[in-house]
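Reviewing the structure listed below.
The residues of the chain are indexed from 1 along the displayed sequence.
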Amino acid sequence: MTGAMTSGQDIHDLLIIGGGINGCGIACDAAGRRLGVVLVEQDDLASATSSASSKLIHGGLRYLEYYQFRLVREALAEREVLLGKAPHIIRPLRFVLPHQNQVRPAWMIRLGLFLYDHLAPHQQLPDSEGVDLSTHAWGAPLTKSNRRGFAYSDCWADDARLVVLNAMQAAEKGATILTRTRLLEAERQQEHWQATVEDRRTGETKTIKAHAIINAAGPWVEEVLSGRLGVTGKRKIRLVKGSHIVVPKMYDGDHAYILQLADKRVVFAMPFETGFTLIGTTDLSWQGAPAGEPEPTANEVTYLCDAVNGFFEKSVSADDVVWSFSGVRPLFDDRSGNPSAVTRDYVLDLDASGPPLLSVFGGKITTYRRLAEHALDQLKTFLPGMRGSWTADASLPGGDIPSGDFAAFTAAMTSRYDNLDTATVASICRRHGSHIPDVLGDGKNTGQDFGGGLFSCEIDYLIDHEWAITAEDVLWRRTKAGLHMTGDERKAVETYMMQKS
């Protein structure tokens with residue numbers, strides 16, 4: 001499934017630049033419409049922004065404050081669609097919002113939640129409600145000053161796996177997915193683009209010809225436009241850094257908290273993996289180049305710790321942080337002075353001065369599927385053989401869970417693989433869904449046990465079917481097993497991966 005470099009004589013329908021959620025989502029949709037698709041990603045799939053999100057499929061309650069009703073309506077509708085497509089990596093999550101009147105008055109919260117309940121149908125998720133936190137179990141972890149609040153529903157998602165599953169489905173439908181492959185340059189010919197790409201592992205270069213290019217390079221979209229494609233674009237992006245921290249579990253229960261801060265921002269505290277709480281996010285303007293892996297600063301860690309310490313009885317500090325990550329969000333530059341107010345909506349810019357070039361500015365994980373549909377709609381006149389949209393009703397790989405009942409499915413798999421630890425089977429179910437037999441086989445030959453619920457049979461599957469090459473690909477993107485392992489165990493995985501390469 002890793003795909004081979006294509007012949008320079010073939011002319012494909014689409015060359016997609018970028019292996020994040022937008023690029024892989026477009027590749028998946030396009031391949032299913034019987035288009036010839038090649039996607040190139042300079043690193044690993046989801047190795048930048050798309051694996052550094054808050055792990056939410058959500059309407060964006062706070063976006064209502066900035067009157068982004070169209071975006072919220074579309075995102076709310078997509079919650080239901082994505083929950084149906086991938087119930088193994090996406091699940092409902094109830095959010096508790098402690099109310100402190102000095103931040104936003106109660107009437108404003110009620111109005112926002114009313115709109116949230118009614119802007120789009122939500123058959124699978126319950127409506128919002130008021131909560132007496134002085135008596136409800138949800139109030140138990142909070143300080144006594146938090147006596148009233150509200151609750152509403154959104155969804156949790158494994159962001160990196162969502163990207164990979166879209167790439168897998170694209171490949172199943174004929175797309176060529178080339179990771180660790182960099183676009184060096186591309187130029188317009190009379191009727192097509194001619195691009196030169198480089199395999200970063202071998203240094204080998206190849207030529208790819210395509211009738212159209214989609215620039216979905218995320219934080220690098222402007223660099224690709226001007227530096228690789230030689231096009232001067234009118235649209236701009238604004239880079240905003242968001243950081244998250246992971247600490248030992250702060251409370252019992254499978255619900256999350258959304259905390260309103262005095263600076264009018266919100267911070268989430270959510271259950272993460274087994275035994276941890278995920279806290280995020282910050283919003284800081286990013287002035288540097290998008291290259292590299294940003295890290296949370298000491299000030300950001302302090303900010304997030306202070307945020308939860310203002311609400312919870314149990315306090316945390318930098319010393320409690322067991323993992324942290326940052327991402328640079330490529331938001332469409334709407335000239336807003338406040339990073340938190342910059343639109344999370346997307347803008348598609350079509351340059352049809354020759355063979356078409358479509359560039360993607362902005363966007364969010366929740367609306368990636370609709371973005372892909374809109375992107376391909378703009379290219380219909382240039383690719384007349386394109387079939388109609390299809391992704392709304394199609395499960396992603398592993399998502400064809402009977403009746404969408406993940407709990408029942410996990411129970412059945414736990415019984416089937418009764419020789420393995422229950423928690424391990426549950427984790428593999430959550431990662432692979434109905435593909436778990438492809439990973440474990442009959443469960444009697446799982447290979448080396450690396451710890452953290454990770455066996456060599458799963459690593460081999462990730463290498464063969466999910467483009468995993470390095471230990472980081474496996475431990476922190478395809479799985480989160482690294483969070484449950486010792487340094488020596490992680491090192492053993494690194495050694496195994498090097499032997500496999």
Side-chain angles (χ1 to χ4, degrees), residues 18-23 42-44 46-56 58 60 62-63 65-66 68 71 157 159-160 163 216-224 235-247 258-259 261-270 272 277-308 316 318 321-347 360-368 472 476-477:
I21 187 60
N22 290 332
Q42 66 180 351
D43 203 334
D44 182 32
S47 57
T49 307
S50 294
S51 60
S53 77
S54 294
K55 323 299 181 192
L56 296 178
H58 65 138
R62 69 183 183 87
Y63 303 155
E65 201 164 24
Y66 302 108
Q68 296 183 28
L71 173 62
D159 50 6
V163 175
W220 293 270
V221 62
E222 287 187 42
E223 178 188 327
V224 167
R235 309 284 190 180
K236 299 293 181 182
I237 58 169
R238 180 167 176 181
L239 301 180
V240 175
K241 178 189 178 189
S243 295
H244 297 76
I245 59 174
V246 177
V247 301
I258 176 172
L259 311 174
L261 307 184
D263 60 5
K264 294 297 183 75
R265 293 200 66 258
V266 297
V267 164
F268 297 108
M270 299 177 289
F272 188 65
T277 297
L278 174 67
I279 301 168
T281 177
T282 58
D283 271 319
L284 298 176
S285 292
W286 180 260
Q287 303 301 329
E293 297 183 8
E295 297 287 342
T297 64
N299 286 341
E300 287 180 288
V301 173
T302 298
Y303 176 87
L304 294 174
C305 289
D306 288 347
V308 295
V316 295
V321 176
V322 297
W323 185 45
S324 63
F325 57 90
S326 290
V328 177
R329 308 182 192 105
L331 306 181
F332 175 68
D333 190 358
D334 61 1
R335 309 301 181 186
S336 173
N338 177 3
S340 296
V342 180
T343 181
R344 267 54 175 177
D345 211 345
Y346 54 85
V347 172
V360 178
F361 294 84
K364 58 199 297 284
I365 282 181
T366 304
T367 52
Y368 86 88
E472 183 179 358
W476 302 108
R477 283 188 285 275

Answer yes if the side chains of Ser54 and His244 hold a donor-acceptor pair under 3.5 Å, and no otherwise. yes
Contact between Lys364 and Leu71 at the side-chain level, heavy atoms closer than 4.5 Å - yes or no? yes
Indicate yes or no: at least one non-hydrogen side-chain atom of Val267 is less than 4.5 angstrom from one of Leu261. yes
Nearest 0.5 Å please: distance from the CG atom of Asn22 over to the CD1 atom of Ile365. 9.0 Å
Dump the intermediate steps for side chain to side chain contact (heavy atoms under 4.5 Å, CB included) on Cys305 and Ile245, then the final yes or no. CA-CA 9 Å; Cys305 289; Ile245 59 174; 3.9 Å; yes
Rounded to the nearest 0.5 Å, how far apart are OG of Ser285 and CZ of Arg238? 4.0 Å
Point-to-point distance, once rounded to the nearest 0.5 Å, from OH of Tyr368 to CG of Asp159: 12.5 Å
Heavy-atom pair of closest approach, residues Pro330 and Leu239: CA-CD2, 4.0 Å
Salt bridge flag under 4.0 Å for residues Asp283 and Arg62: yes
Residue pair Ser243 / Thr282: nearest heavy atoms and the distance that separates them: N-OG1, 2.9 Å
Looking at Phe325, I'd like to know if the NZ or CZ of Lys55 sits under 6.0 Å from its six-membered ring centre while staying within 45 degrees of the ring's axis. yes
If I compare all heavy atoms of Val163 with all of Ser50, which pair ends up nearest, and what's the gap? CG2-CB, 3.8 Å
Is Glu300 salt-bridged to Lys241, going by a charged N under 4.0 Å from an acidic O? yes
I'd like to know if the side chain of Ser51 and the backbone of Ala160 have a donor-acceptor N/O pair within less than 3.5 Å. no
Does any non-hydrogen side-chain atom of Phe268 lie less than 4.5 Å from one of Leu56? yes
Carefully, step by step, assess Asp333 and Ile237 under the rule side chain to side chain contact (heavy atoms under 4.5 Å, CB included). CA-CA 5 Å; Asp333 190 358; Ile237 58 169; 5.7 Å; no
Please state whether the rings of Phe361 and Phe332 are parallel, tilted or perpendicular, taking 30° and 60° as the class boundaries. perpendicular
Flag, side chain of Arg265 to backbone of Thr281, donor-acceptor distance under 3.5 Å: yes
Please check: side-chain N/O of Thr366 versus main-chain N/O of His58, any donor-acceptor pairing under 3.5 Å? yes
List the steps, then state whether side chain to side chain contact (heavy atoms under 4.5 Å, CB included) holds for Leu284 with Tyr303. CA-CA 12 Å; Leu284 298 176; Tyr303 176 87; over 6 Å; no
